[in-house]
Asker: 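First, the structure itself, so that you have it in front of you.
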Amino acid sequence: MPLLKKTSFHIFFFFFISLSYSQKINFKIDSLLHLAEQVDDSTKLILYKEISWSYRNNEPAKSILYGKKALELTQKLHDSIQMASVLNYLGVFERKINQYGFALEYYYKALKIAEAIKNDIEIGYCYNNIGEIYGLQSNHKEAFNFFNKALISFKKVPHYKGIYYAYTFMGQYYTRMKLFDTALEYYHKALEIIDKYEKTGTKATAFRSIGNIYFLQNQYQKAIEYSNKSLAISKNNNSLKRMGETYILLGSVYLKMSKLDSAKYYFNKARNISKTVNDLRLESNAYAQLSKVYSELKNYKKAYMYSEQYKFLSDSLSNAENTRIITQLNMQFNYDKETHDKEVAQQKKNLIMDAKLNRQKLIRNFILIVLAFVLVLTFLIFRNNRLIKKANTLLETQNQQIIEQNEEILAQRDEIENHLREVEKQRDQIIKQKKQITDSITYAEKIQSAILPANKFFIENFSDYFIFYRPRDIVSGDFYWTVKKNGIIFLTVADCTGHGVPGAIMSMLGTAFLNDILNQQFVNKANLILEELRIKIKYALKQTGKFDESKDGMDMALCVIDKAKNKMNFSGANRPVYIFKENEMTELPATDNPVGVSFREIPFENHEIEIKENDKIYLFTDGFADQFGGIRDKKYMTQRFINLIKSNYKKKMDEQRLVFENEYMNWVSHKKPDGSTYTQLDDILVIGVTI
């Protein structure tokens, strides 16, 4: 125990010195890790935070690893303040590797905790960090709102470090709005704050930002002056990412001044640093600027090469994770609505069951009364026999009474028998009606199957394919449709509102309208076909958008494939499509609208992509991902579904269909917590084709 106290004293003395002279002392992470093995959990938590923060610019993977170790300790220690701080750290680490969706999740978790414990400092950092993400997504108005909230929170304390960051972010906002004088005011306010908390490392960011404004105002010498100030601080702190960003700025200035050798020198230095710190955004900027330099040098081959590398990295920086969150929220909304509809249906069933039980109770009571009456009568007969022996003079009168009573019993018995015959007749009629309905639906299933595209079409037009089609009832609200016209293949998968007979009617209506659209006019843009289909469905169902009318429609993924041009365009109504090109998966996102009336109707987006032989395309409805099952009684979920495709897309399509079928059967084969078995909740449709 004395050794532990002594070690803790040295650790906290070490922290005090590091915070006071952070620019003069260079932490040795190996020493911190060694110390972490000797101290209690509270001190270990502080060490892990410091280690993760030290790795943030040069080794982001390690910063996330030790950040998660720190988070585990906050949960173990039930330390809410540190938990909010560590969650903010993890958000920063994810943001540095361009994972904006994960970053936002961490920030909002931290904000919820900070607001619960009323910690204005952590609340301010959450607002700053969330605003930064919105700024990176070009949502400048929302970003400014969060920066302003952060400034208010920090000034309550006051917390000068947080005030500095808020001023810096607001300077960035006004720079993007091209209000340069206002931006400079905020950056100079930030520089005034820095000296109050002695954080000279962040001074580099402020100097570079001021240099950038002078660059945008064509004041190149001032831009170089402030860039060099930033670079000197960054080199002193070994802050590689800040150095790389400053090299980009210096290169841009020299490019504007037509000093191409200097520009190329600084852009190459930025590119080398981006690879060291694994910063895709920095690397993308370096390639874009190098392309401009070589274009000015008339070296168009290299200019084109760097331009292509820039475009590739820019595509990699697309914010697919935010789409995942929105899709997940939309799926949760649909699930809540479906749960509510099931509860209403269950209440109706309960009312019917209660009425049935009441009828059975009446019949049971009637029979008990009759039995009681018979017992009483038997007792009377027995007593009367004894009275006959005692009073022969009353025999004739009593016999007459018995005859009358027997006649009444017989009449009641006949009435009961007639009632039972009527009940049996009604039962037989219900059985007959059920059979007629089932036979009709079975015949409807034959009609629906006949309307679906034949396997021959897929064999003739695709290298390989599979169709995993599993209606919940006899007929289905999911359908697929494909046709080839003018050498172009149209392929769609759709999920109509409801299932069973209502869904089947909607599916046949959708198939008819799609055929009608292509027969009347040749449209080869997927989004235009969905727009025309939406008009026809709204007109057919008399949908005007009023609150009390039906919201029937369908979710749909539509691919228009032109093999001759190696092109495909796609549009989705709440349903995306996944494409595998060699070993990489691409998701073409859907528009957040159904084909039908919507509270917020927006145009369908069209996505165009190049395709080639052996590319694999997967279209699907939400039935598979929404199925409950497994050992934990949970939904299968979209991410598990995507992983299933990724694990098997290299197999032949027939083998993939067996994989999906076996996975589904295994998922629902488990028993529920109450011992009952799982039933299929929705129609299921998954189609995979190989170009």
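Nothing here was measured: the structure is a model prediction, and the numbers come from that model. All heavy atoms count here, side chains included; hydrogens, waters and symmetry mates do not.
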Asker: Report yes or no: does Gln627 contribute a side-chain atom to a donor-acceptor pair with the main-chain N or O of Lys635 at less than 3.5 Å?
Answerer: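 It does not hold such a pair.
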Asker: Has the side chain of Glu122 got a donor or acceptor atom that lies under 3.5 Å from a matching backbone atom of Gln82?
Answerer: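 Absent.
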Asker: Between Glu655 and Lys652, does any side-chain N to carboxylate O distance fall below 4.0 Å?
Answerer: no
Asker: Measure the CG-CD distance between Leu658 and Glu663 for me, rounded to the nearest 0.5 Å.
Answerer: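 The distance works out to 13.0 Å.
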Asker: Out of curiosity, Asp683 CG to Asp478 CG, how far, rounded to the nearest 0.5 Å?
Answerer: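 Between Asp683 CG and Asp478 CG, I get 4.5 Å after rounding to 0.5 Å.
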Asker: Mark yes when over 12 heavy atoms from residues, nucleotides or ligands other than Ile81 sit less than 6.0 Å from its CD1; otherwise mark no.
Answerer: no
Asker: Go through the side-chain N and O atoms of Tyr618 and Gln656 and say whether any donor and acceptor fall under 3.5 Å apart.
Answerer: yes
Asker: Ignoring hydrogens and angles, tell me if any N or O in the side chain of Thr591 forms a donor-acceptor pair with the backbone of Ala573 under 3.5 Å.
Answerer: no
Asker: Tyr469 and side chain to side chain contact (heavy atoms under 4.5 Å, CB included): which partner among Thr621, Leu452, Ile684, Val686?
Answerer: Leu452
Asker: Using a 6.0 Å cut-off, check whether atom NZ of Lys672 has over 12 heavy atoms from anything other than its own residue.
Answerer: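 Yes.
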Asker: Test of understanding: with ring pair (Phe, Tyr, Trp, His ring centres under 6.0 Å), list the residues that count as partners of Tyr578, not counting sequence neighbours.
Answerer: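 Ring pair (Phe, Tyr, Trp, His ring centres under 6.0 Å) check on Tyr578 returns Phe620.
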Asker: Once rounded to the nearest 0.5 Å, what's the spacing between atom CG of Leu530 and atom CD of Glu605?
Answerer: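 Answer rounded to 0.5 Å: 11.5 Å.
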Asker: Any donor and acceptor pair, going by atom type alone, linking the side chain of Ser571 with main-chain N or O of Phe604 inside 3.5 Å?
Answerer: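 No; judged by distance alone, with no hydrogens or angles, the pair does not exist.
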Asker: Looking at Asn515 and Thr511, would you say the former's side chain and the latter's main chain have a donor-acceptor pair under 3.5 Å?
Answerer: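 A pair under 3.5 Å: yes.
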Asker: Tell me, which pairs form a salt bridge (charged side-chain N to carboxylate O under 4.0 Å, His left out) where one or both residues lie in residues 71-83, sequence neighbours left out?
Answerer: Asp41-Lys76
Asker: Between the side chains of Arg534 and Asn593, does any donor sit under 3.5 Å from an acceptor?
Answerer: yes
Asker: Cation over ring, Lys149 on Tyr127, under 6.0 Å and within 45°?
Answerer: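 Yes - Lys149 lies over the ring of Tyr127, closer than 6.0 Å to its centre and within 45° of its axis.
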Asker: Tell me if a side-chain donor or acceptor on Tyr480 pairs with a main-chain N or O of Thr492 at a distance below 3.5 Å.
Answerer: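 No, Tyr480 side chain to Thr492 backbone: no donor-acceptor pair under 3.5 Å.
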Asker: Verify, without hydrogens or angle tests, whether Ser507 (side chain) and Ala504 (backbone) share a donor-acceptor contact under 3.5 angstrom.
Answerer: yes
Asker: Identify the heavy atoms of Ala590 and Pro576 that sit nearest to each other, and give their distance.
Answerer: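 Minimum heavy-atom separation between Ala590 and Pro576: CB-N, 3.8 Å.
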Asker: When rounded to the nearest 0.5 angstrom, what distance separates CG in Leu518 from CD1 in Ile529?
Answerer: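 Leu518 atom CG to Ile529 atom CD1 measures 5.0 Å (nearest 0.5 Å).
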Asker: Just wondering, do Ile130 and Tyr108 contact through their side chains at under 4.5 Å, heavy atoms?
Answerer: yes
Asker: Just by modelled atom types, is the Asn666 backbone N or O under 3.5 Å from a matching donor or acceptor in the Ser669 side chain?
Answerer: yes
Asker: Can you tell me if Asp674 uses its side chain to pair, donor with acceptor, with the backbone of Ser676 under 3.5 Å?
Answerer: yes
Asker: Kindly say whether Leu644 contributes a backbone atom to a donor-acceptor pair with the side chain of Ser647 at under 3.5 angstrom?
Answerer: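 Not confirmed, Ser647 side chain does not pair with Leu644 backbone.
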Asker: Do Lys646 and Asn643 pair up side chain to side chain, a donor and an acceptor below 3.5 Å, judged on atom types alone?
Answerer: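 Result is no, nothing qualifies.
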Asker: Only counting residues at least two apart or in another chain, list the ones meeting ring pair (Phe, Tyr, Trp, His ring centres under 6.0 Å) with Phe624.
Answerer: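 Phe624 satisfies ring pair (Phe, Tyr, Trp, His ring centres under 6.0 Å) with Tyr636, Phe641, Phe660 only.
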Asker: In this structure, are over 12 heavy atoms from other groups packed under 6.0 Å from Lys536 atom NZ?
Answerer: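 Enclosed.
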Asker: Between Gln543 and Asp552, which heavy-atom pair has the shortest distance, and what is it?
Answerer: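 Smallest interatomic distance, heavy atoms only, reads NE2-O, 2.6 Å.
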Asker: Looking at Asp682 and Arg472, is there a salt bridge between them, counting it only when a charged N and a carboxylate O are closer than 4.0 Å?
Answerer: no
Asker: If you look at every heavy atom in Cys559 and Phe570, which pair is closest and at what distance?
Answerer: SG-CD1, 3.9 Å
Asker: Give, for atom CD1 of Ile617 and atom CD1 of Ile579, the distance between the pair rounded to the nearest 0.5 Å.
Answerer: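 Rounded to the nearest 0.5 Å, the CD1-CD1 separation comes to 5.5 Å.
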Asker: Might you point out which heavy atoms bring Ala540 and Leu509 nearest each other, and give the distance in Å?
Answerer: CB-CD2, 4.4 Å
